[in-house]
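By convention here, the first residue in the shown sequence is residue 1. All ligand and atom numbering here is 1-based and tracks the order in the structure.
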Amino acid sequence: MKKKPFIVAIDGPAGSGKSTTAKLVAKELGVTFLDSGAMYRTVALAVLKSGEGFDDPDKILKILFSSKIDFKFEDSRLSILLNGEDVTDGIRVPAVNQVVPIVAAMPEIRRQMVPVQRKIGKKISIVAEGRDIGTVVFPKADLKIFLTASIDTRAQRRFLELKSKNHDIALEAIKKEIELRDLKDTQRKISPLIKAVDAIELDTSSLTIAEQVDFIVQKARERIS
Ligand code: DC
């Protein structure tokens, strides 16, 4: 008999370690990793490339409908293609960080993205990460985790990540950017970042990646079995 697909939802603020953790949890469980933030980032990049502004949701929808966005999973690495161009790294640059909250706060855009995410979760088992996965996208997820970490820890992590990609940005500037994004993500009207009542909160400030991955994998195995 075919097993029912299961869903692990990992939500939390910027820099809490969601992507790294979710990717490794998915690998450990042998299922697909769904990076929902990458979807909003790709739309933001498409708008930047088009030269249009960010004030008209209809124009942004038009850009979305005329773009081809593909997700490729190879050797547990997720690549994102925008109109055939690999934008996996291009969606994580500071210029995109700045405008992505505007796109993510548009109901018109979320109305397009959420069904795509649900469709994937209906067909296959996934570990999905974002801001509204456990609250809006998959309220019946088998396991919900809310990852947090102190603002200093999160800024330090982003700083090291950007440095490894040769982006030289001051730690203080990163901290400010994260604080601003937290504010926008938690205070927006549609699907704000909040902990689902039935989510397990995990503060990763003093945990290693391996520790947080082990914790989630163990919880997931308990729930699934
Ligand atoms: O996780 P991230 O930094 O890649 O997310 C990019 C932006 O998209 C961030 O501003 C929050 C937003 N986002 C969202 O609103 N809902 C999601 N499910 C995922 C991300």
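For ligand 1, the polar-atom distance check finds an N/O of Arg181 within less than 3.5 Å of one of the ligand's N/O atoms.
Residue contacts with ligand 1: Arg110 is included, with a non-hydrogen atom under 4.0 Å away. Under a 4.0 angstrom heavy-atom cut-off, Arg188 registers as being in contact with ligand 1.
Considering CG of Leu160 and NZ of Lys165, their distance stands at 12.0 Å, rounded to 0.5 Å.
With hydrogens and angles left out, the side-chain atoms of Thr88 and Asp86 include a donor and acceptor closer than 3.5 Å. A donor-acceptor pair shorter than 3.5 Å cannot be found between the side chains of Ser36 and Glu129. With 3.5 Å as the limit, one finds no donor-acceptor pair spanning the side chains of Asn97 and Arg92. Using modelled atom types, one finds a donor on one side chain and an acceptor on the other under 3.5 Å when comparing Arg157 with Thr204.
Atoms of ligand 1 found under 4.0 Å from any heavy atom of Asp185, numbered from 1 in the order shown, are 9 (C), 10 (O), 11 (C). If you number the atoms of ligand 1 from 1 as listed, the ones under 4.0 Å from a heavy atom of Ala104 come out as 8 (O), 12 (C), 15 (O).
Which of Glu129, Lys184, Arg131 comes nearest to atom 1 (O) of ligand 1 through a heavy atom is settled by distance: it is Arg131. Of all the listed residues (Val100, Leu180, Val96), Val100 holds the heavy atom that lies closest to atom 7 (C) of ligand 1.
Under a cut-off of 6.0 angstrom, the local environment of NZ in Lys195 is crowded, with over 12 non-hydrogen atoms contributed by other residues, nucleotides or ligands.
Residue contacts with ligand 1, taken as heavy atom pairs separated by less than 4.0 Å, do not involve Asp35 at all. Contact annotation: for Arg41 versus ligand 1, heavy atoms closer than 4.0 Å belong to the side chain alone. At a 4.0 Å heavy-atom cut-off, ligand 1 does not touch Met39 at all.
Using a cutoff of 4.0 Å between basic side-chain nitrogens and carboxylate oxygens, Asp142 and Arg223 are not scored as salt-bridged. Taking 4.0 Å as the cut-off between side-chain N and carboxylate O, Asp168 and Lys163 do not count as a salt-bridged pair.
Nearest non-hydrogen protein atom to atom 20 (C) of ligand 1 is Gly37 CA, 3.5 Å. Annotation: atom 19 (C) of ligand 1 to nearest protein heavy atom, Ser36 OG, 3.3 Å.
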